[in-house]
Amino acid sequence: MNIRRSIQGGVLALALVLSGCSWFDPDGSSPTSDPSPTPTEFEQSNVDDASGDAADVTVTADKTGRGFAADNIGVSFEATDLADPRLDPDNSNLDEQLKALGSPALRFAGNALDRRTFWTSKGEKPKHGEQTTITPDDLKRLKKLVDITGSTVTLGVPLGTYDPERGADMAAHAIDILGDSLIGLGIGNEPNGYTVDDVPGGAVRGDDWNEDKYVKQLEAYAKAIHAKRPDAPIIGPDVYDGAWMTAFADSDVKKKTAIAQHWYQLYECDSSSVPGRGPQAANLIAPLAKEAAKKNLGIGKSKADAAGLPLWLEETGPTSCPGTNDTSLTNASALWAADYTLYAATLGVERMAMHSMLGACKGGAPMSLICDPADRGDRSNEFQVRPNMLGLRLLVPSVGGQFTRTAVDGGGNMSAYTVVKNDGRTLVTTVINANDAAKVGGNPVTVSMPAGFSVSSASQVFGESNDVKSATQVVPANPLPASVPFSGDGAGGSSSASPSGGTSSSPASSGGVGDDGKLRIDLAGSSVTVFVMSKG
């Protein structure tokens with residue numbers, strides 16, 4: 001079987017068609033007002049008062065060696081979602097929502113894999129009380145979805161009930177049906193948690209369960225799978241714990257394809273400390289979040305490097321804590337999703353999937369990128385997106401690029417990433433301004449571009465604050481006007497120091513691209529902005 005792992009080309013056309021209006025109302029329902037006319041120039045709506053610290057962003061074309069692939073943007077679903085008829089592009093708008101992420105990585109596993117999922121190709125009934133039965137017809141429906149989205153897929157094989165032959169049957173059907181789209185089979189999900197009672201469905205192993213017993217069962221499954229399909233790609237161990245990664249890497253499993261890690265940004269569910277790792281929105285965008293990501297993803301990267309395998313972050317999200325709708329629905333989650341995804345790629349993560357489910361907007365998984373707005377107990381065929389998905393959508397122009405050296409000087413809580421693509425003719429710079437718009441309005445930013453480059457277009461997601469809920473808004477990709485607001489030192493007017501240490505000017509200086517090739521612009525706080533630059 002050919003394993004498709006090539007970097008897919010970037011999709012420059014973003015599916016961002018609304019300007020100045022949210023993708024959903026705070027109560028989770030669809031917007032009732034008509035969208036504004038499609039603009040023809042990039043225009044921010046909330047930078048009248050840019051009192052934040054000034055920032056200098058220096059963009060270069062010097063590659064750092066890391067790339068940003070289509071698979072760096074992805075969605076993880078529960079295995080039970082395989083039985084949902086809405087995976088069929090004819091039955092919902094799920095394919096359209098996924099295509100807005102380019103050709104995203106798709107993964108099906110989660111806690112439901114080992115506790116609520118039963119596979120059969122023979123029409124049998126569940127053997128141990130599993131709630132959802134998956135059959136070859138479900139995989140055929142998934143095949144229709146991935147054919148339209150161009151996605152690659154990783155699939156979990158249930159290990160909760162030990163049955164290597166059944167697992168091998170599922171793997172064989174998956175390989176035959178999904179073909180080159182299937183790039184990894186994970187045997188079990190988070191086996192290091194099989195004895196934990198508070199996982200939904202309870203413990204599936206006794207207290208004597210450990211890495212050695214996991215490896216024996218893993219090897220038995222892999223042997224049975226390879227007896228049917230010798231080239232089946234195996235990934236694992238789908239855990240956070242480094243010791244279990246070593247156990248997987250040192251096993252006798254053939255065709256090991258990747259180290260699969262799980263990690264959630266906020267996991268101290270009883271903590272209220274800010275900054276900290278508790279489920280507060282401010283903790284998503286605090287500098288400590290990046291330090292934690294570097295440390296914890298570094299564990300997986302070191303294990304992957306030692307094994308000579310790529311690192312895939314198969315399950316991740318803003319928080320693993322239950323009942324955190326307030327955090328997950330904030331605009332901060334959009335800023336975090338963009339920043340974290342790009343940062344993880346610079347650390348060497350080659351594939352990432354944000355955990356989601358095809359559940360209700362009200363009462364469903366709060367971290368999910370998408371949700372069903374139907375009343376509880378009902379289902380609709382029109383999935384809606386949440387703020388974190390809006391943040392991911394802005395990253396599509398960066399797909400297929402190589403990261404370059406980009407520096408941010410000043411600006412407070414601000415970061416920036418650049419990729420180069422199209423044989424060096426295109427630079428894509430993403431600026432995350434996590435300074436709270438409710439406090440600073442915006443920040444004067446000077447972007448220094450390499451010689452010969454000019455800004456072709458800009459796009460943005462933003463909120464009135466970091467904490468605003470279900471009200472993240474979109475400014476679609478459009479050319480910059482000749483003049484844009486700029487409150488800092490530079491062309492078009494004088495400025496004076498503000499009490500906060502930034503700069504202010506009244507009225508704002510006239511910004512834009514000056515004769516020196518620098519872009520001067522006030523960037524809204526609580527925003528992610530993407531500048532596409534072309535070489536003339």
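Remember, predicted model here, so these are calculated numbers, not experimental data.
No more than 12 heavy atoms of other residues, nucleotides or ligands sit less than 6.0 Å from atom CD of E464. The neighbour count for K143 NZ, taken as heavy atoms of other residues, nucleotides or ligands under 6.0 Å away, is above 12. Under a cut-off of 6.0 angstrom, the local environment of NZ in K63 is sparse, with at most 12 non-hydrogen atoms contributed by other residues, nucleotides or ligands.
The side chain to side chain donor-acceptor pair (under 3.5 Å) with T316 is formed by just one residue from the set Y264, Y340, W263; it is Y340. Checked against V215 for a side-chain contact (heavy atoms from CB on, under 4.5 Å), the options S251, P191, P237 give a single hit: S251. Partner of Y214 under the ring pair (Phe, Tyr, Trp, His ring centres under 6.0 Å) criterion, out of Y221, F248, W244: W244 alone.
For the atom pair CD1 (I225) and NZ (K254), the distance works out to 13.0 Å, reported to the nearest 0.5 Å. D81 contributes atom CG, which lies 11.0 Å from atom CG of L142 (distance to the nearest 0.5 angstrom). A distance of 6.0 Å separates CD in Q280 from OG in S271, rounded to the nearest 0.5 Å. Atoms CG and CG, on L145 and L178 in that order, are 10.5 Å from each other to the nearest 0.5 Å. Rounded to the nearest 0.5 angstrom, D467 CG and T330 OG1 are separated by 6.5 Å. Separating the CG atom in D62 from the CD atom in Q402 is a distance of 13.0 Å, to the nearest 0.5 Å.
A 4.5 Å side-chain heavy-atom check between L392 and L369 finds at least one atom pair inside the cut-off. Counting heavy atoms from C-beta outward, S459 and N478 have side chains that stay 4.5 Å or more apart. Using a 4.5 Å heavy-atom cutoff, the side chains of F403 and T418 are not in contact. Contact of the W312 side chain with the I183 side chain is registered, since non-hydrogen atoms from C-beta on lie closer than 4.5 Å. Considering only heavy atoms from C-beta on, S181 stays 4.5 Å or farther from T152 through its side chain.
Closest approach of L185 to A171, counting heavy atoms only: CD1-CB, 3.7 Å. The nearest pair of heavy atoms linking G276 to N283 is N-OD1, 2.8 Å.
For N466 (side chain) and A281 (main-chain N/O), no donor-acceptor pair under 3.5 Å exists by modelled atom type. Remark: side-chain polar atoms of Q265 are paired, donor with acceptor, to backbone N or O of A289 under 3.5 angstrom.
Side-chain contact, Q460 with Q44: a donor N or O sits under 3.5 Å from an acceptor N or O.
Between R520 and D516, at least one side-chain nitrogen of the basic residue sits less than 4.0 Å from a carboxylate oxygen of the acidic one, meeting the salt-bridge criterion. Using a 4.0 Å cut-off between charged side-chain N and carboxylate O, D339 and K290 make a salt bridge.
Within the cation-pi definition used here (under 6.0 Å to the ring centroid, within 45° of the axis), K294 does not qualify as a partner of Y343.
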